[in-house]
Amino acid sequence: MQVTLRPWQKKDRFILAALANNIKIWNNVRDRLPHPYTIKHARAFIKYCRSQDPPHVLAIDVNGQLAGCIGLELQDDISRISAELGYWIGEPYWGRGVATEAVKQMLEYTFETFPVVSRIYAKVFEYNIASMKILEKNGFHLESIQKKSVIKNNEIIDEHIWVKSR
């Protein structure tokens, strides 16, 4: 299985909409990912990603097929040495090591492309054990658990902060 990260392409919009329009994905990401997820959402997202120079939100391919998304929110001002990592994988690709490999590649890309970034962190909902395992396999450590700090599906839950330094 070949996992690669690449810039988004306009033609990705149809597969992106099909993969992202999944409540199981939405349940593990921020509410700003729309649900339901439409072609219109995909088109706007890809346009945003294609405007980045250098890109910091990339498509995840498996054997030449779009399989998910991975990206950074680069911080600014006094936090400019930090970046928040986020990712999701389309359900047909779950359980195959895709996310683990994508995170590994994104770490390499980040440290090569954004030399000021020395700290990458990811925020994970308390029930997303699979994501925590992916981060742990990539050398992240659990820095903190913010008790009852976020709301998802009208439930107040803990958020786990995982960190990796350069």
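Reckoned from all heavy atoms, side chains included, excluding hydrogens, waters and symmetry mates.
Here Arg43 pairs with nothing under the salt bridge (Lys or Arg N to Asp or Glu O under 4.0 Å) rule; sequence neighbours left out. The side-chain hydrogen bond (donor to acceptor under 3.5 Å, both in side chains) test applied to Asn21 returns no partner, not counting sequence neighbours.
Annotation: Arg80, atom CZ; neighbour count of heavy atoms from other residues, nucleotides and ligands within 6.0 Å does not exceed 12. Within 6.0 Å of NZ in Lys47 there are 12 or fewer heavy atoms belonging to other residues, nucleotides or ligands. Sparse packing is recorded around NZ of Lys104, with 12 or fewer heavy atoms of other residues, nucleotides or ligands lying under 6.0 Å away. Atom CD1 of Ile156 sits in a sparse spot, with 12 or fewer heavy atoms from other residues, nucleotides or ligands closer than 6.0 Å.
The distance from the CZ atom of Phe114 to the CG atom of Leu72 is 6.0 Å, given to the nearest 0.5 Å.
Contact annotation: the side chain of Phe45 never approaches that of Arg13 to less than 4.5 Å [non-hydrogen atoms, C-beta and beyond]. Ile70 has its side chain within reach of Leu85: a pair of non-hydrogen atoms, C-beta onward, lies under 4.5 Å apart.
Among residues at least two apart or in separate chains, salt bridge (Lys or Arg N to Asp or Glu O under 4.0 Å) pairs with a member in residues 115-132 are Arg119-Glu143. Applying the ring pair (Phe, Tyr, Trp, His ring centres under 6.0 Å) test to residues at least two apart or on different chains, the pairs with a partner in residues 122-148 are Phe125-Tyr127.
Listed here is the closest heavy atom pair of Ile157 and Lys152: CD1-CB, 4.3 Å.
The hydrophobic cluster containing Val163, built from Ile/Leu/Val/Met/Phe/Trp/Tyr side-chain heavy atoms closer than 4.5 Å, also comprises Tyr121, Ile161.
Connection of Ile25 to Ile151 is not established within any shared hydrophobic cluster, with ILVMFWY side chains joined at heavy-atom distances below 4.5 Å, either directly or through further cluster members.
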Side chain to side chain contact (heavy atoms under 4.5 Å, CB included) between Tyr87 and Met106, intermediate numbers included
CA-CA 10 Å; Tyr87 51 89; Met106 190 64 174; over 6 Å; no

Using a 3.5 Å cut-off and no angle test, enumerate the donor-acceptor pairs between side-chain atoms of residues 92-99 and protein atoms at least two apart in sequence or in another chain.
from  : atom 1 : to    : atom 2 : distance (Å)
Trp94 : NE1    : Ile89 : O      : 2.6

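Taking the six-membered ring for Trp, Trp26 and Tyr37 have ring centres at least 6.0 Å apart.
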